[in-house]
Amino acid sequence: MRENNNGGPLTGRAMALRPVREAAVFLLVLAALLLTPGKRAGADVIWTPDDSFYDQHYEDCDYEGRRYYANGADGYVTVMESPEKKNVLDVLANGPVLYVSMTYDKGMSGKWGLVQYVLNDEGQPAEDYSWDEGATVGWIKMEELLSVYDGYSFAEEHRAEIQETDEGAAPKVVMPDTGTIYLWEYPGSEISYGTLESMESEISIDQTYQDPGEANPELKPQEKPKLIPPADRKTLESLPKTGRSGLVLPLTVAGLIVLTIVLTTLVIRFMAVKKRDEEKTADGGRKES
C-alpha cells in the first residue's frame, strides 16, 4: 500500500484514478501551451514575428533580414493577413522603410515578405522596429518593395573586387591606439553598426575589400533611390480594410481540447460510479450487521 502526501494510505480507487488524472492534466497543459501565442525561437536564435501563417508554413519560408522601401505601383503597399488570404490589415503610402524578416514563395501569387511595425506620431511605420504588442504583423508582395542599399547590395555590386581569404592569409584584427574599432554596414556606408571597445576573443575575417586605389576609388554613401510618388491621405482612407479573420484553431489543437473534455468527463463519471458502488457496499454491510 502506498502513502499519499498527507501520510495516509492511497486506496485502490485513488490509485486507479491517478494515471487518468495525470493524463488529463498533461493534455490540459499541452493544449494551453499550444494555444498560448509566442515567438518561435530556433537553435540559430533568429527572431521571428508572432504570425499564424508563418507558424504553419515556417518550413517553406526563407530568412530575409533586410530593409525595404514601400514602393507600390499605385503609390501605396497593401499589408495582408497572409499570402493565401485576402484580408487587408493596412495600407501604407510609399516611402517608409520596412524590415522583412521572412519571405514565402510557394504559392501562385508570387513572393511575399513578412513585416512587423508600429506607427509613429505621424502615422508612419517607425524605423526602430519596435516589437510592441500592438504592432501590425502582416505580409506584403515583394514586388511592392524596393531594397535599401545594404551589405548584401555592396557584396553583389563589388563581387569581383572582394577577396576571399583562408585561415593562413586572413588579416589579424588588433585593437588600434584609439582603443575603439568602428563597425559599418558596408565600406563607404554612413550607417554605424556600433563599436568594439575590447576584444574578448579573436575576430576572424573571411573576406576583404580595399579602398581607395586606382582599381577601387574611394566609396561614397549611396543616395536614396527615386521612389514612386506616395498616394495622398484621401486615397489611402478610401481603400477598404477588412482586418484579420476570426480565430481558427489548428485541427491538432482543437482535437486535443475535445479529447481533454471527453477524458475529463470520463474521469468525473468514473469517480461518481465508484463512489455510488462504495456507498451501496457500505449500506449492504450495515444491513447484514
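We number each residue from 1, following the sequence as shown.
- Screening residues 66-88 for ring-ring contact (aromatic ring centres under 6.0 Å, His included), with sequence neighbours left out, gives no hits.
- Residues Q124 and P96 approach most closely at OE1-CG, 3.1 Å, considering heavy atoms.
- Here the closest non-hydrogen pair linking G65 and Y152 is O-CE1, 4.5 Å.
- Put simply, the side chain of V77 does not reach to within 4.5 Å of the side chain of N71, judged on heavy atoms.
- Within the 4.5 Å cutoff, the side chain of Y99 has no heavy atoms near those of the Y117 side chain.
- A ring-ring contact (aromatic ring centres under 6.0 Å, His included) check over residues 161-202, counting only residues at least two apart or in different chains, returns the pairs Y149-Y186, F154-Y186.
- Applying the side chain to side chain contact (heavy atoms under 4.5 Å, CB included) criterion to S198, with sequence neighbours excluded, gives no partner residue.
- T180 is linked by a side-chain hydrogen bond (donor to acceptor under 3.5 Å, both in side chains) to E197, counting only residues two or more places apart in sequence or in another chain.
- Closest non-hydrogen pair, M80 versus V88, comes out as SD-CG2, 3.8 Å.
- Taking T242 as the reference, nothing meets the side-chain hydrogen bond (donor to acceptor under 3.5 Å, both in side chains) condition, with sequence neighbours excluded.
- M199 meets the side chain to side chain contact (heavy atoms under 4.5 Å, CB included) test with V173, M175, I181, I203; sequence neighbours excluded.
- For E122, there are no side-chain hydrogen bond (donor to acceptor under 3.5 Å, both in side chains) partners at least two apart in sequence or on another chain.
- From T78, atom OG1 reaches atom NZ of K86 across 13.5 Å, with rounding to the nearest 0.5 Å.
- Taking CZ of R67 as the start and CG of L145 as the end, the distance is 13.5 Å to the nearest 0.5 Å.
- The salt bridge (Lys or Arg N to Asp or Glu O under 4.0 Å) test applied to E84 returns no partner, not counting sequence neighbours.
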Show me, pair by pair, the donor-acceptor contacts under 3.5 angstrom made by side chains of residues 228-238, not counting sequence neighbours?
from	atom 1	to	atom 2	distance (Å)
D232	OD1	K234	N	3.3
D232	OD1	T235	N	2.7
D232	OD1	T235	OG1	2.8
S238	OG	T235	O	2.6

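- By the rule that hydrophobic residues join a cluster once side-chain heavy atoms approach within less than 4.5 Å of another member, V137 and Y58 end up as members of one cluster.
- Of all heavy-atom pairs spanning G113 and V100, the tightest one is CA-CG1, 3.7 Å.
- In terms of heavy atoms, L92 sits closest to P125 at CD1-CG, 3.8 Å.
- No path of Ile, Leu, Val, Met, Phe, Trp and Tyr side chains, each step under 4.5 Å between heavy atoms, connects Y209 with L183, placing them in separate hydrophobic clusters.
- Applying the salt bridge (Lys or Arg N to Asp or Glu O under 4.0 Å) rule to D150 yields the partners R66; only residues at least two apart in sequence or on another chain are considered.
- Contact record, L227 with A70: CD1-O, 4.4 Å, taken as the closest heavy-atom pair.
- At least one side-chain heavy atom of Q163 sits under 4.5 Å from a side-chain heavy atom of T208.
- The structure places CG of D51 at 5.0 Å from CG of L114, a figure rounded to the nearest 0.5 Å.
- Linking Ile, Leu, Val, Met, Phe, Trp and Tyr residues whenever their side-chain heavy atoms come within less than 4.5 Å places I191 and L196 in a single cluster.
- The CD atom of E185 sits 11.0 Å away from the CD atom of Q222 when rounded to the nearest 0.5 Å.
- For Q207, the side-chain hydrogen bond (donor to acceptor under 3.5 Å, both in side chains) partners two or more places apart in sequence, or in a different chain, are E164.
- When the shell of 6.0 Å around NZ of K106 is examined, it contains 12 or fewer heavy atoms from other residues, nucleotides or ligands.
- By the salt bridge (Lys or Arg N to Asp or Glu O under 4.0 Å) test, E156 is found to be paired with R159, residues two or more places apart in sequence or in another chain being considered.
- Y104 has its side chain within reach of D60: a pair of non-hydrogen atoms, C-beta onward, lies under 4.5 Å apart.
- From D74, atom CG reaches atom CG of N94 across 9.0 Å, with rounding to the nearest 0.5 Å.
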